[in-house]
Amino acid sequence: MRRSLLCWYGAQGRDLPWRRSRDPYAIWVSEIMLQQTQVKTVIPYYERWLAQFPTVTALAAADQTQVLKAWEGLGYYARARNLHRAAQVIVEQHGGQFPADLSTALTLPGIGRTTAGGILSAAFNQPVPILDGNVKRVLARLLAVAVPPNRALAALWQASEALLDPQRPRDFNQALMDLGATCCTPRNPACLLCPWQPHCLAHQRNMQNELPIAETRAPLPHKQIGVAVIWNEQGHILIDRRKPEGLLGGLWEFPGGKIEPGETVQDCIRREIWEELGIEIEVGDRLIVIDHAYTHFRVTLNVYHCRHLSGDPQPIECDEVRWVTAAELDQFPFPKANLQIIAAIRAAST
DNA sequence: GATCCGTGGTG
DNA sequence: TCACCAAGGAT
């Protein structure tokens, strides 16, 4: 079984930038970026990141705004914050070298069992198993697991470890992920091309389209949000930096908040700006309406031009506030939905 | 152990 | 349009 998979990998494996490297730092960066994120999305971010932060020392020395700006648009921003912190730990406590043993790697922020296995096998050819989304699906089909994969984690980890090739753990783990990504796909798997088809219980039972069993999910709530683009008499715009933890932590945004039942958008914006920044504004024309979906809810951003009337903005429910020119907005990391607001501001002023 | 955490691709 | 999913981890 190992040989058939490795043979398939030799012929069908993907040529990916990080596979050409044995630098633990570069491989680590790729593993973090690839969490819940597709290869095609990651590649340009990976290339830019290594050009900007070529070593763990360079990353450790960067400031968080630079780091978040380089991550802007990738999502799950805690990954960038943790990567940054871990780089500082590696410089301060591990002599600038990524730890080569599993238990130490697992102490670093942002590194769990799968990521640690991915790094240690790829960088050091250590026989450490992995269990990412691809491997869960491959093994759930191979073994015809009768419950959602997340209800069978112990068995799946055991299988990943038992199957792992002790001679070629690097290639084996990469092969297993490629098999899931390109052959044993979520829908319409290419069983005829699969090296493990003779061993696959799902295929033998013609259940490859029914497995793995899907997790049940709650419906997504939908929130209406009022957002203010506040101008002062100098033609500057007010932005704020979100608190360092939680949703979009550390990123900048245009201030606003949730519209309460029975409240107009304009009332909401005036109230939120008073509560969060302690200033009075006049709500003017509508700038843009943006629908955006997060993992656990959807939002509609109702964005309005506003005019500053009185008061000095205070960081009451955020970390920092700042008046900036439209040209300066590019220097700050914003969430994706806010980039649309910036584009609308530019379009409206030309 | 259930929830939280972004964004883009896909059928 | 929409649900599902992607090289998961932290709390």
Side-chain angles (χ1 to χ4, degrees), chain A residues 13-14 16-19 27-46 68 71-83 85-86 105-123 128-138 140 148-151 153-154 156-157 160 170 173-182 184-189 209 212-222 242-251 253 290-299 333-340:
Chain A
R14 293 174 291 181
L16 302 173
W18 39 90
R19 285 191 181 155
I27 291 168
W28 169 36
V29 169
S30 77
E31 290 286 341
I32 301 300
M33 287 185 171
L34 286 162
Q35 290 170 4
Q36 303 297 101
T37 310
Q38 295 187 347
V39 165
K40 191 197 310 180
T41 304
V42 164
I43 287 176
Y45 281 92
Y46 172 81
L68 288 174
W71 202 272
E72 183 182 63
L74 252 191
Y76 285 135
Y77 298 91
R79 294 184 294 173
R81 301 193 301 268
N82 286 332
L83 189 57
R85 275 202 296 144
L106 285 171
T107 67
L108 295 169
I111 297 187
R113 200 170 166 187
T114 285
T115 301
I119 298 169
L120 293 183
S121 62
V128 186
I130 58 174
L131 189 64
D132 72 329
N134 287 314
V135 178
K136 281 180 188 171
R137 182 173 57 257
V138 169
N150 288 335
R151 311 288 287 183
L153 290 180
L156 292 171
W157 273 109
S160 181
R170 170 190 294 126
N173 279 344
Q174 297 297 317
L176 204 47
M177 289 189 282
D178 272 15
L179 188 68
T182 69
C184 193
T185 50
R187 276 165 298 208
N188 302 317
N209 287 313
I213 304 286
E215 315 274 350
T216 60
R217 298 189 183 191
L220 299 182
H222 191 287
R242 295 174 63 91
K243 292 179 177 178
E245 306 301 328
L247 181 71
L248 306 169
L251 273 69
E253 66 177 2
I290 299 165
D291 285 309
H292 194 76
Y294 294 96
T295 307
H296 288 279
F297 59 93
R298 299 170 176 280
V299 295
F334 283 90
K336 201 69 174 179
N338 277 236
L339 295 179
Q340 290 183 249

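Lettering follows sequence order; numbering is per chain, from 1.
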Worksheet entry | Whole-Å P distance, dT3(B) and dA7(C) |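 To the nearest whole Å, 25 Å.
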
Worksheet item: How far does the C1' atom of dG1(B) sit from the matching atom of dG9(C), given to the nearest Å?
Response: 14 Å

Within the structure shown, what part of the strands sits under 4.0 Å from [X] by heavy-atom distance: base, sugar-phosphate, or nothing?
| X | answer |
| --- | --- |
| Trp18(A) | base |
| Thr37(A) | base |
| Thr114(A) | sugar-phosphate |
| Leu74(A) | base |
| Ala293(A) | base |
| Gly118(A) | nothing |
| Arg14(A) | base |

If I take atom [atom1] in residue [X] and atom [atom2] in nucleotide [N], what distance separates them, rounded to the nearest angstrom?
| X | N | atom1 | atom2 | value |
| --- | --- | --- | --- | --- |
| Asn150(A) | dG8(C) | CG | P | 11 Å |
| Leu251(A) | dC5(B) | CG | P | 13 Å |
| His296(A) | dT3(B) | NE2 | P | 9 Å |
| Ile32(A) | dC5(B) | CD1 | C1' | 14 Å |
| Asn82(A) | dG6(B) | CG | P | 11 Å |
| Tyr77(A) | dT7(B) | OH | C1' | 8 Å |

Give the nucleotide from the list [options] with an atom nearest to the side chain of [X].
| X | options | value |
| --- | --- | --- |
| Arg151(A) | dA2(B), dG9(C), dG6(B) | dA2(B) |
| Leu34(A) | dC5(C), dA7(C), dG6(B) | dA7(C) |
| Leu247(A) | dG6(B), dC4(B), dA7(C) | dG6(B) |
| Leu16(A) | dG9(C), dC4(C), dA7(C) | dA7(C) |
| Leu248(A) | dG6(B), dA7(C), dA10(C) | dG6(B) |
| Arg137(A) | dG9(C), dA7(C), dA6(C) | dA6(C) |
| Pro186(A) | dA7(C), dC5(C), dG6(B) | dC5(C) |

Worksheet item: Is the backbone of Glu253(A) close enough, under 3.5 Å, to the side chain of Arg242(A) for a donor and an acceptor to pair up by distance?
Response: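 Absent.
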
Worksheet item: Taking Tyr45(A) for the side chain and Glu72(A) for the main chain, is one N or O donor matched with an acceptor at less than 3.5 Å?
Response: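 It does hold such a pair.
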
Item to complete: Could you tell me the separation between the CG atom of Leu131(A) and the CG atom of Asn173(A), rounded to the nearest 0.5 Å?
Response: 10.5 Å

Practice prompt. Give, for atom CD1 of Ile130(A) and atom CZ of Arg113(A), the distance between the pair rounded to the nearest 0.5 Å.
Written response: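 Here the interatomic distance stands at 12.0 Å.
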
List every contact pair, protein side and nucleotides 8-10 of chain B side both N or O, where the distance is under 3.5 Å.
from, atom 1, to, atom 2, distance (Å)
dG8(B), OP1, Lys336(A), NZ, 2.9

Practice prompt. Ignoring backbone atoms, test whether Tyr76(A) places a side-chain nitrogen or oxygen under 4.0 Å from the OP1 or OP2 oxygen of dA10(C).
Written response: no

Discussion item. Looking at dA7(C), I'd like to know if its phosphate oxygens (OP1 or OP2) sit under 4.0 Å from a side-chain N or O belonging to Gln35(A).
Written reply: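 It does not, given that no N or O in the side chain of Gln35(A) lies less than 4.0 Å from OP1 or OP2 of dA7(C).
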
Fill in: Side chains of Gln35(A) and Arg79(A), donor plus acceptor under 3.5 Å
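Side-chain D/A pair, Gln35(A) to Arg79(A): absent.
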
Worksheet item: Start at the 5' end of DNA chain C and walk down; is the nucleotide closest to Leu220(A) or to Ala181(A) reached first?
Response: Leu220(A)

Worksheet item: Taking for each residue the nucleotide of DNA chain C with the nearest heavy atom, is it Ser30(A) or Pro109(A) whose nucleotide lies nearer the 5' end?
Response: Ser30(A)

Fill in: Member of Thr41(A), Val42(A), Leu83(A), Val39(A) meeting the side chain to side chain contact (heavy atoms under 4.5 Å, CB included) criterion with Met33(A)
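Exactly one option meets the side chain to side chain contact (heavy atoms under 4.5 Å, CB included) with Met33(A), and it is Val42(A).
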
Worksheet item: What heavy-atom pair brings Gln174(A) and Ala122(A) nearest, and what distance separates the two atoms?
Response: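 Closest approach of Gln174(A) to Ala122(A), heavy atoms only: NE2-CB, 3.9 Å.
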
